[in-house]
There are 2 protein chains.
Amino acid sequence: MQKPKKSNKSETTRSLILATALRLFRERGFEETTMRLIADEAGTSLGNAYYYFRSKDELIHSFYASLQIEQLAACEGILAVEKSLRGRLAGIIRAQLGIMTPYHRLFMSLFKIAADPTNTLNPFSEDTREVRNASIHRFSDAVGGANERITDDLKEELPMLLWLYHMGIVLFWIYDRSSGFVRTYKLIELSSDLICNLITMASLPLLAPLRKSALQLVVSLREI
Amino acid sequence: MQKPKKSNKSETTRSLILATALRLFRERGFEETTMRLIADEAGTSLGNAYYYFRSKDELIHSFYASLQIEQLAACEGILAVEKSLRGRLAGIIRAQLGIMTPYHRLFMSLFKIAADPTNTLNPFSEDTREVRNASIHRFSDAVGGANERITDDLKEELPMLLWLYHMGIVLFWIYDRSSGFVRTYKLIELSSDLICNLITMASLPLLAPLRKSALQLVVSLREI
DNA sequence: GTCTATAACCGGATAGAC
DNA sequence: GTCTATCCGGTTATAGAC
């Protein structure tokens with residue numbers, strides 16, 4: 001965001017606070033980790049933690065950003081290999097979940113906060129636009145490099161729709177108590193199959209009217 | 001919920017606190033109304049407000065219940081007249097929104113709390129099951145009494161799916177800033193058309209495989 | 001001007017005296 | 001049943017140190 005000159009000391013303190021916070025978030029969840037504890041464990045004061053991070057949420061924004069970078073790298077590998085839409089779609093969702101897995105507990109406790117549409121951590125909010133757009137762009141790549149032929153009108157809306165679908169999978173994953181998240185991975189198989197079939201069918205001339213009205217609906221919803 | 005014998009004084013104080021709370025919620029929203037202010041305006045103490053209501057959320061519950069009863073009555077009228085699935089579906093959704101409209105502001109501020117899946121006010125939670133089942137049942141009536149022929153496997157899942165759709169409309173309505181909520185009513189027209197077309201098509205033999213796998217997905221999702 | 005710390009404030013919730 | 005005093009945790013004000 002901003003890049004004022006920073007002394008070594010400052011940068012060290014800042015990353016110490018962030019690292020401590022992320023460790024505690026992982027270990028105890030979001031609500032259970034107090035700002036006082038973060039400051040304590042980082043060996044500094046509460047006021048100082050607030051000097052570096054204007055709010056508790058801002059610590060999470062930093063986490064979002066670093067996660068984003070990791071996910072991008074993981075997806076590049078998948079998209080270079082997989083060429084079917086289904087393989088690309090399921091592949092990048094699995095890869096992204098893999099990166100998120102160590103933080104499953106944090107995501108569980110985060111959901112309650114992120115579900116609030118007025119909260120800056122909400123995945124649909126203005127404040128997360130950058131991260132969200134980067135994520136949507138990966139689905140754009142997934143659609144763009146796939147073998148399947150898809151009608152142009154659909155292709156335009158697909159990245160956002162598939163990102164939305166992926167958010168649904170993430171939601172399921174957050175609540176998935178099965179060991180190794182097998183239920184989530186099963187759901188990815190089932191649903192990506194279904195969705196790719198739907199996309200293929202939607203491109204058939206027979207279903208053009210239905211596709212048109214569905215797309216019209218999507219467009220009107222986007223203008224909220 | 002519970003009906004222990006209550007002295008006149010007690011009942012008076014309790015309803016005074018509740019009435020004061022609901023007025024302030026309407027005037028200022030949920031978060032902006034502090035428990036201290038409620039107690040103050042009701043002419044009692046903070047501790048006493050907590051004696052009658054274990055939490056701020058509990059003040060909202062009676063509001064929920066009374067709304068439910070009003071909505072049921074409004075829907076009965078619609079379902080007695082409308083015979084097409086589309087008319088019944090759009091009709092009961094419009095009717096229910098009509099009942100909710102005077103409370104739009106309260107719903108706006110309430111959404112943030114109700115979106116939290118661990119909160120008792122969450123529409124998917126255990127604590128709202130009764131109200132939710134009553135609501136789903138109305139969609140069951142809407143499907144059951146409609147003229148259209150719908151395959152049995154689909155018919156079974158439809159009430160819950162349509163309730164889910166209606167929750168989406170409510171979400172849109174909460175955020176709808178257009179005067180008279182015209183955008184919401186437009187959305188109801190567009191989407192109920194689309195959904196009824198989808199239901200009709202899904203019952204065609206050609207699309208049986210797609211329908212089967214979609215229903216399989218729905219069933220597996222319900223077991224979360 | 002860049003850090004760090006201490007002492008508050010605020011609002012939901014609780015304890016315990018009367 | 002009703003109150004006052006208090007806890008708790010996010011956040012802020014602010015005073016000083018470097």
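Proteins come first, then strands; the chains are lettered A, B, ... in the order of their sequence lines, and each starts at number 1.
- Donor-acceptor pairing under 3.5 Å is lacking for the side chains of B:Asp116 and B:Asn122.
- Taking side-chain N and O atoms only, A:Thr13 has no distance below 4.0 Å to OP1 or OP2 of C:dC3.
- For the residue pair B:Thr120 / B:Asp57, no side-chain donor-acceptor distance below 3.5 Å is found, with atom types taken as modelled.
- Atom-to-atom, CZ of A:Phe53 to P of D:dG10 comes out at 15 Å; the value is rounded to the nearest Å.
- Along DNA chain D, the nucleotide closest to A:Glu31 and the one closest to A:Gly47 are compared, and the more 5′ of them pairs with A:Glu31.
- Side chains of A:Tyr103 and A:Arg26: a donor on one and an acceptor on the other come within 3.5 Å.
- One atom, OH of A:Tyr52, and another, P of D:dG10, lie 20 Å apart when rounded to the nearest Å.
- At whole-Å resolution of the value, CG in A:Leu46 and P in C:dT6 are 10 Å apart.
- Relative to the side chain of A:Ser45, the nucleotides C:dT2, D:dG9, C:dA5 differ in distance, and C:dA5 lies closest.
- Of the possible polar contacts, one joining the A:Arg88 side chain to the A:Leu79 backbone as a donor-acceptor pair under 3.5 Å is found.
- Contacts between residues 113-127 of chain A and DNA chain C, counted as heavy-atom distances below 4.0 Å, involve no residue at all.
- Distance from the side chain of A:Tyr51 is smallest for C:dC3 among the nucleotides C:dC3, C:dA13, D:dC3.
- Whole-Å rounding puts the B:Ile38 CD1 to C:dC10 C1' distance at 16 Å.
- In terms of modelled atom types and a separation under 3.5 Å, the side chain of A:Arg94 and the main chain of A:Ile188 share no donor-acceptor contact.
- Contact annotation: B:Ser55 does not reach the phosphate of C:dA13 (side-chain N/O to OP1 or OP2, under 4.0 Å).
- At least one test fails for B:Lys112 against the ring of B:Phe30: distance under 6.0 Å to the centre or angle within 45° of the axis.
- Within the 4.0 Å cut-off from OP1 or OP2 of D:dG1, not a single side-chain nitrogen or oxygen of B:Asn48 is found.
- Contact between the side-chain N/O atoms of B:Ser10 and the OP1/OP2 oxygens of D:dG1 is found at a separation under 4.0 Å.
- The shortest distance between the side-chain N/O atoms of B:Thr34 and the OP1/OP2 oxygens of C:dC10 is not below 4.0 Å.
- Remark: the B:Thr128 side chain and the B:Tyr64 side chain contain no N/O donor-acceptor pair separated by less than 3.5 Å.
- At whole-Å resolution of the value, CG in B:Asp40 and P in D:dT2 are 16 Å apart.
- Note: CG (B:Asp57) to C1' (C:dG11) measures 14 Å, nearest angstrom.
- Residue A:Met35 contributes atom CE, which lies 12 Å from atom C1' of D:dT12 at whole-angstrom precision.
- Nucleotide C:dT14 holds its P atom 7 Å from the OH atom of B:Tyr50, rounded to whole Å.
- Of the candidates C:dG12, D:dT2, D:dT11, the closest approach to any side-chain atom of B:Lys9 belongs to D:dT2.
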